[in-house]
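Structure record follows, encoded as structure tokens.
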Number of protein chains: 2
Amino acid sequence: MNESSENGKISRKEREFLMRRNEIMAAAMRLFAGKGFHNTTMSEIAKEAEFSTGSLYNFFKSKEALYLTLLREEIEKIEADVRVRKDQAKGPAEKLEAVVDSLIDYFEANRDFFKIFSMHQDHFEWPMKGELAQVVRAKYLSFIAELVEVFKQGIAQGAFKAHEPEELALCFMGVMNSFLFLWIETEPKGTLREKKPVILDIFYRGSAKG
Amino acid sequence: MNESSENGKISRKEREFLMRRNEIMAAAMRLFAGKGFHNTTMSEIAKEAEFSTGSLYNFFKSKEALYLTLLREEIEKIEADVRVRKDQAKGPAEKLEAVVDSLIDYFEANRDFFKIFSMHQDHFEWPMKGELAQVVRAKYLSFIAELVEVFKQGIAQGAFKAHEPEELALCFMGVMNSFLFLWIETEPKGTLREKKPVILDIFYRGSAKG
DNA sequence: CCATTCTCTGAACTCTCGTTCATTTTTCAA
DNA sequence: TTGAAAAATGAACGAGAGTTCAGAGAATGG
């Protein structure tokens, strides 16, 4: 009755439901990014999304579910784009560059999500122990795992030094993160994209001169 | 009456007060490191420190104050040691190496604090808007500022590439952090110290081969 | 040994949310 | 137009946690 059984079409009802669901998630993202999970209340989200408190529970069964759904879906978007571009690229260096491109594009379009994203990278206060949290954690780890794979290949093909692939992957995210952080902090001063050469140079060739 | 007026001596009372205060902070550190600020309750801290809930308020005026005091004092310890060793070193590369040494020593002796520390590196917006929070933030920024100074000198003397000193400092912390993170995650597998050459190699010479 | 002061205690208080649900409003097919 | 189903509402509820405080217990000094 709800599902437009079998075929991919969805009814207007369903479309509208998803629209409203997205409104709520967008409002929640703004607030979570600004104040974190614990300092954002459901009624604030409701007000921001122009719904009543109770209505939120027609879309998400709890605050935690709302948060984790948001996180999971957004990571999936990033991951999907990263994977596509990475797989299209040929060599290891090209693949890594594709990852950088993808991340830059995503975060230039979704500033707010960076804060939420990086909160979870560093295990910023870890509120939730439920099943959903595990799913999100798994998602993030699979994202890292793909990076690790790139480095494994890269090492095998002699493009990268023979360090631990995990170490290289984490360091790469560390450098990437540093630039994301600086870019977020210094608001509208320059684009993230123009930092791409610097990011790659530091990560590939290091900081020492000569 | 409390202060041993003027001279540096402190009474036994005061010493005992400080001992108990440290007990509480140590207990709090363990719990905050494990579960974060919001998921650690005052009664848990009290139990861990073998005090009653109410007693904590003889030492700290609030949970927030306890947390921020802990954070501030620990950052000060790190900062002090980093500064001493850095200032003793001659050239920019030696200074940076001294910083690495200092951080490695500190965190090998204080595993727990890493999680708390890294929580605060990227996320300044937090529940707390009080004066203490500002102090902690200032402390952390002054720590970064010293790093930036090292890089400024290093660039001027031709030891580092002419990137933005802030970018180099943040990237350095990013790489350092990645190794700290891996080390913490993989529990007792190897020491942090033995990673020093890798850390420096990646940061100085990058990840690309040849 | 007593009196006073300091310290500890933990139950009670309070306040803040997340969540629920009876009621109202809207939707939409007949 | 109408009435039943779906959606929205927001006041009320309840659980959890930070904080307080009146009384109990130690420590100190005369």
Side-chain angles (χ1 to χ4, degrees), chain A residues 1-4 10-25 27-28 31-32 34-71 125-133, chain B residues 1-4 10-25 27-28 31-32 34-71 126-130 132-133:
Chain A
M1 191 172 285
N2 227 350
E3 295 285 334
S4 329
I10 57 177
S11 65
R12 179 173 61 78
K13 269 270 176 68
E14 288 168 306
R15 272 201 311 279
E16 288 186 349
F17 176 85
L18 288 176
M19 295 291 294
R20 281 174 291 205
R21 188 172 172 278
N22 279 340
E23 287 278 322
I24 292 169
M25 291 210 285
L31 292 170
F32 285 143
K35 314 199 301 172
F37 178 79
H38 287 289
N39 300 300
T40 303
T41 68
M42 287 300 264
S43 40
E44 283 175 308
I45 295 171
K47 179 170 284 184
E48 175 84 10
E50 295 172 82
F51 280 90
S52 70
T53 323
S55 286
L56 301 190
Y57 289 83
N58 293 331
F59 297 90
F60 304 94
K61 80 169 197 302
S62 69
K63 184 189 181 187
E64 193 176 293
L66 163 55
Y67 181 79
L68 290 169
T69 303
L70 170 57
L71 199 59
E125 59 173 333
W126 221 348
M128 322 156 200
K129 323 183 183 70
E131 177 196 348
L132 270 174
Chain B
M1 189 172 285
N2 226 351
E3 295 285 335
S4 330
I10 57 178
S11 65
R12 179 173 60 79
K13 269 272 177 66
E14 289 170 305
R15 272 201 310 279
E16 289 185 350
F17 177 86
L18 288 177
M19 293 294 293
R20 282 173 289 198
R21 188 171 172 280
N22 280 340
E23 288 278 322
I24 292 169
M25 290 210 285
L31 292 169
F32 284 143
K35 316 200 301 171
F37 178 79
H38 288 289
N39 299 302
T40 302
T41 69
M42 288 300 265
S43 40
E44 282 176 309
I45 296 171
K47 178 169 286 183
E48 175 84 10
E50 295 172 81
F51 280 91
S52 69
T53 325
S55 286
L56 301 189
Y57 290 84
N58 293 332
F59 298 89
F60 305 93
K61 79 170 199 301
S62 68
K63 183 187 181 188
E64 193 175 290
L66 164 53
Y67 182 80
L68 290 170
T69 304
L70 170 57
L71 200 58
W126 246 54
M128 328 164 194
K129 324 180 182 75
L132 267 176

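First the proteins, then the strands, lettered A, B, ... as listed; each starts at 1. Atoms considered below: every heavy atom in the structure, side chains included; atoms not considered: hydrogens, waters and symmetry mates.
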Open item on the list: What's the separation between atom NE2 in A:His38 and atom OG1 in A:Thr40, rounded to the nearest 0.5 Å?
Closed with: 10.5 Å
- [ ] Using ring-ring contact (aromatic ring centres under 6.0 Å, His included) as the criterion, list what pairs up with A:Tyr57, not counting sequence neighbours.
- [x] none
Open item on the list: Using the side-chain contact (heavy atoms from CB on, under 4.5 Å) criterion, which residues pair with B:Thr41? Sequence neighbours excluded.
Closed with: B:Ser43, B:Glu44
Open item on the list: Under the rule for ring-ring contact (aromatic ring centres under 6.0 Å, His included), what residues qualify as partners of B:Phe60, not counting sequence neighbours?
Closed with: none
Report each atom pair, protein N/O against N/O of nucleotides 28-30 of chain D, whose distance is under 3.5 angstrom.
| residue | atom | partner | partner atom | Å |
| --- | --- | --- | --- | --- |
| D:dT28 | OP1 | B:Arg12 | NH1 | 3.3 |
| D:dT28 | OP1 | B:Arg12 | NH2 | 2.1 |

- [ ] Give the rounded distance in Å between these two atoms: CD1 of B:Ile45 and P of D:dT19.
- [x] 10 Å
Task: Separation between CD1 of A:Ile45 and NZ of A:Lys63, rounded to the nearest 0.5 Å - done: 6.5 Å
TODO: Please name all residues satisfying salt bridge (Lys or Arg N to Asp or Glu O under 4.0 Å) with A:Arg15, sequence neighbours left out, ordered by chain then number.
DONE: none
Open item on the list: Can you tell me how far apart CG (A:Leu31) and CZ (A:Phe37) are? Round to the nearest 0.5 Å.
Closed with: 12.5 Å
- [ ] Please list all pairs passing the salt bridge (Lys or Arg N to Asp or Glu O under 4.0 Å) test where one or both residues lie in residues 45-58 of chain B, with sequence neighbours left out.
- [x] B:Arg30-B:Glu48
TODO: Find out whether A:Lys13 and A:Leu18 are in side-chain contact, i.e. whether some heavy atom of one side chain is under 4.5 Å from a heavy atom of the other.
DONE: no
TODO: Starting at CG of B:Leu70, measure out to CD1 of B:Ile24 and round the result to the nearest 0.5 Å.
DONE: 11.5 Å
TODO: Mind checking the CG-CZ spacing from B:Asn58 to B:Arg20? Nearest 0.5 Å is all I need.
DONE: 9.5 Å
- [ ] For the residue pair B:Phe32 and B:Tyr67, categorise the inter-ring angle as parallel (less than 30°), tilted (30 to 60°) or perpendicular (more than 60°).
- [x] perpendicular
Open item on the list: Taking the axis from the first five pairs and the axis from the last five, what angle separates them in the helix from C:dC1-D:dG30 to C:dA30-D:dT1, rounded to 10 degrees?
Closed with: 0°
Open item on the list: Rounding to an integer number of Å, can you tell me how far A:Lys47 NZ sits from D:dA11 C1'?
Closed with: 15 Å
TODO: Summarise protein proximity over nucleotides 8-24 of chain C in one line of letters, 5' to 3': B for base, S for sugar-phosphate only, - for none, counting protein heavy atoms closer than 4.0 Å.
DONE: BBB------SSBB----
TODO: Begin from the C-alpha positions of A:Arg21 and A:Thr69 and carry the test side-chain contact (heavy atoms from CB on, under 4.5 Å) through to its verdict.
DONE: CA-CA 11 Å; A:Arg21 188 172 172 278; A:Thr69 303; 3.4 Å; yes
Task: Nearest-angstrom distance from the residue atom CD1 of A:Ile24 to C1' of D:dA7 - done: 12 Å
Sub-3.5 Å pairs of nitrogen or oxygen atoms, protein against nucleotides 23-25 of chain D:
none

